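For reference, the structure is listed below as structure tokens.
Computed from a prediction, not measured in an experiment: that's the story for all the values here. One-based numbering, in listed order, for ligands and for the atoms of each.
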Amino acid sequence: MVDLPTKKPHMTFLFSDTGGGHRAASEAIIEAIHCLYGDAVITQMVDFLKDYAPPPFNHLPEVYPDLVRVPELWGAMFDISDGRPQARIVTSTFWPYVRRAARRLVRDHHSEMLVSVHPLANSFFLKALGKVRPPFVTVVTDMVSTHALWFDRRADLILVPTEMARQNAIHYTISPDKVRVVGQPVSQSCSAPVGDKFMTRQQLGWPQDKKIILLVGGGEGMGPLAEMARAIDESGLDVCLVIVTGRNSKLEAELKEKTWENTAFIYGFTRKMSDFMRASDVIVTKAGPGTIAEALNAELPIILYDKLPGQEDGNVDFVLSEKVGVWAPEPLAVVRTLTRWICRPDEREKVVKNCQRTARPEASRAIALILGNQVGLITDYSPNSV
Ligand code: UDP
């Protein structure tokens, strides 16, 4: 812990439950903040869409899973709105509708610092805050394909997960001295050393004598998760399936009804993702940035079966270029990769090594240090100062 000033600064985190990644990133940073500064700082998360935006925008978190179920539409919306001029048009078009709500949020949450972990929170709240305002920091939670709405030149600092995202920020005319590469924030339990797989499996009640294949579709259980699970189950591979459907309760019910060839555990939304990853041998997932970062920390080879066009395209490139997994959008390709990694443990082991090299377990702590520095909790910040 560090020596702290007496007045408690108040930090407000602007997030929304469009997917599970923005909440997970916020929680991970807040956890690291309290680990470093104890209760000398007050933190609060605000779902700015659900709790403040006027209708119909306040329904975005609810309808998001339906919107992204039409990937072509989502990809087209991403592409059309991406770019500096387009981002400016989006902001000025919607500003008259959201202005009052944005100003109300700012008044309700008097803060010494605002932290945005959502692309839609930047320009609107910077506009609402006006010229005399507390520091505003953006933490970009997309790995590579970072939409222009992430980058507003008025932000004091923009923290990004990868060098590719830094290049994008500069491309969108952000001054290089405002951008820092910190990695993707993950919770302490996800960044802790991998530990004893045997014990974790025992605690979860999972078998010790089978390869465990973890299937996840982000916080909302998206993409052809059921199709992939069925293909693995019917492939003849002797494995244990762990399928996490997140908030997709319809899919959870459907999968629980099914009779499986192999041992299969079906879960809805779980708070034990770090244990699940540490107890597994391979993850089959959509290309969500949070899940990818957590899998890297868990040294878990990744099979990507789906992606959101636009915002998750770059995540696939990242996984391939770091050699931490494969892109396998067809069930047959998933089964082939699993077969290869199971029959050739040395091949899986190479991927595990690449995961170890690519993981950034210090990301949340680095962000907490930078934010603490912004509000005067520490003055001599350097990554090794505490
Ligand atoms: N997650 C979770 N429990 C679940 C399903 C997902 O905690 O049952 C978390 C997962 O560990 C990750 C986040 O939700 O931190 C999903 O984020 P990601 O960026 O991968 O995808 P998104 O849901 O935002 O599309």
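Between the side chains of Ser189 and Ser187, at least one donor-acceptor pair of N or O atoms lies under 3.5 Å.
Applying the salt bridge (Lys or Arg N to Asp or Glu O under 4.0 Å) rule to pairs touching residues 295-307 yields Lys307-Asp313, sequence neighbours excluded. Evaluation of the side chain to side chain donor-acceptor pair (under 3.5 Å) test over residues 86-98, restricted to residues two or more places apart or in two chains, returns none.
Contact residues of ligand 1 (protein heavy atom closer than 4.0 angstrom to a ligand atom; sorted by chain and number): Gly19, Gly20, Gly21, Ala24, Gly218, Gly219, Met222, Val244, Gly246, Gly268, Phe269, Thr270, Met273, Lys286, Gly288, Pro289, Gly290, Thr291, Glu294.
Remark: Asp82 engages Phe78, His147, Ala148, Tyr172 in a side chain to side chain contact (heavy atoms under 4.5 Å, CB included) (not counting sequence neighbours).
For Asp275 and Arg278, the salt-bridge test fails: no basic side-chain N is under 4.0 Å from an acidic carboxylate O.
A ring-ring contact (aromatic ring centres under 6.0 Å, His included) with Phe48 is found for one member of Phe125, Phe15, Phe57 and no other, namely Phe125.
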